[in-house]
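Residue indices begin at 1 and follow the sequence shown. When a ligand or atom number is given, it counts from 1 through the structure's own listing order.
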Amino acid sequence: MRRRLIAGNWKMNAPADPAGFVDAIAAARGHRDDVGALICPPFPLIHALVGRGLRIGAQDCHAEASGAHTGDVSAEILAAAGVGHVIVGHSERRAAYGETDALVRAKAAAAHRADLTAIICVGETGTERREGRAADVVAAQLSAALPASATAVNTVIAYEPVWAIGTGAAATTDDIAEMHQTIRAEAAGRLGATVADHLRILYGGSMNGANAPAILEIEDVDGGLVGGASLRTDEFLAIFAAA
Ligand code: PGA
């Protein structure tokens, strides 16, 4: 059915020996076709990590193909560098740079234009959850951030509750199950039931080797977007094994 994906987001971090790290994961992973493994390093490391037996992705892209955008990187440049996936709309970028759903949609469309798979992040804040608005907020984010070009092949959704990211406290399996159902239903409304059925929905937020088995057992969870634990080979491989 849905091929699982464990995606590592290194953020603005890197292990001491990035190439050795990727080689170790690739070797330990073997030839499992049912689960994909992806590492999204900082931009300058992409070149050294492509072609070592793991999929390499990027953490962001600009919406335009080229131009006077100092410090930015386009989806086309990423594709030419051997990248196949790009994360868009991560909550850290929404918070730090004011990225809106409309901009996230434009970035996802740019990824599709360059034949990249867009990993579109959505997730509520702690306040929004306490106010009982989590499902509404996430459904609205998804609806506004999904471009018309989205298919189950070129798009992956990552549900990342903001309050669970980097805190060591993942969401409960009940909350994750409920939200992933909400996301699939919203995607069905936008893209049709068949696409939604095949769409991969990852969970992200303090996923680690210990909590991954229970989270990955949830029916609508198709993998993980992993931050801190993706910087340790033992943790990343434990999550991968749980998938
Ligand atoms: P975390 O980060 O696993 O360190 O909580 C997840 C993410 O932000 O993608």
Next item on the list: Among Asp23, Leu38, Val22, find the one that has a side chain to side chain contact (heavy atoms under 4.5 Å, CB included) with Leu54.
Entry: Val22
Check: For atom 2 (O) of ligand 1, what is the nearest protein heavy atom, given as residue, atom name and distance?
Finding: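 Sorting protein heavy atoms by distance from atom 2 (O) of ligand 1 puts Lys11 NZ, 3.2 Å first.
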Notebook entry, point to check: Taking it one step at a time, do His112 and Thr155 satisfy side chain to side chain donor-acceptor pair (under 3.5 Å)?
Noted result: CA-CA 8 Å; His112 297 158; Thr155 303; 3.0 Å; yes
Proximal ligand 1 atoms for [X], defined as those under 4.0 Å from one of its heavy atoms:
| X | value |
| --- | --- |
| Gly227 | 1 (P), 2 (O), 3 (O), 4 (O), 6 (C) |
| Gly205 | 5 (O) |
| Gly228 | 1 (P), 3 (O), 4 (O) |
| Asn9 | 9 (O) |
| Glu160 | 6 (C), 7 (C), 8 (O), 9 (O) |
| Ile165 | 2 (O), 5 (O), 8 (O) |

Margin query: Do the side chains of Arg184 and Asp197 get close enough for a salt bridge, i.e. N-O under 4.0 angstrom?
Written below: no
Note to self: Could you check whether Arg3 pairs with Asp34 (Lys NZ or Arg NE/NH1/NH2 to Asp/Glu carboxylate O, under 4.0 Å)?
What the structure shows: no
Note to self: Just checking Glu217: does its CD atom have more than 12 heavy atoms from other residues, nucleotides or ligands closer to it than 6.0 angstrom?
What the structure shows: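 Count not over threshold, so no.
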Notebook entry, point to check: Side-chain donor-acceptor pair under 3.5 Å between Glu160 and His90, yes or no?
Noted result: yes
If I apply the N/O under 3.5 Å rule, does [X] come out as touching ligand 1?
| X | result |
| --- | --- |
| Gly166 | yes |
| Val226 | no |
| His90 | yes |

Note to self: Please determine whether any non-hydrogen atom of Gly204 lies less than 4.0 Å from an atom of ligand 1.
What the structure shows: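 It does not, in that no heavy atom of Gly204 comes within the 4.0 Å cut-off of ligand 1.
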Margin query: Just to check, does Ala229 reach to within less than 4.0 Å of ligand 1 when the distance is taken from its heavy atoms?
Written below: no
Margin query: Suppose we screen for salt bridge (charged side-chain N to carboxylate O under 4.0 Å, His left out). Which residues come up paired with Glu186, at least two apart in sequence or across chains?
Written below: none
Margin query: Is there a side-chain contact between Glu124 and Trp163 in this structure, where contact means two heavy atoms from C-beta onward sitting under 4.5 Å apart?
Written below: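 Yes - at least one pair of side-chain heavy atoms lies under 4.5 Å apart.
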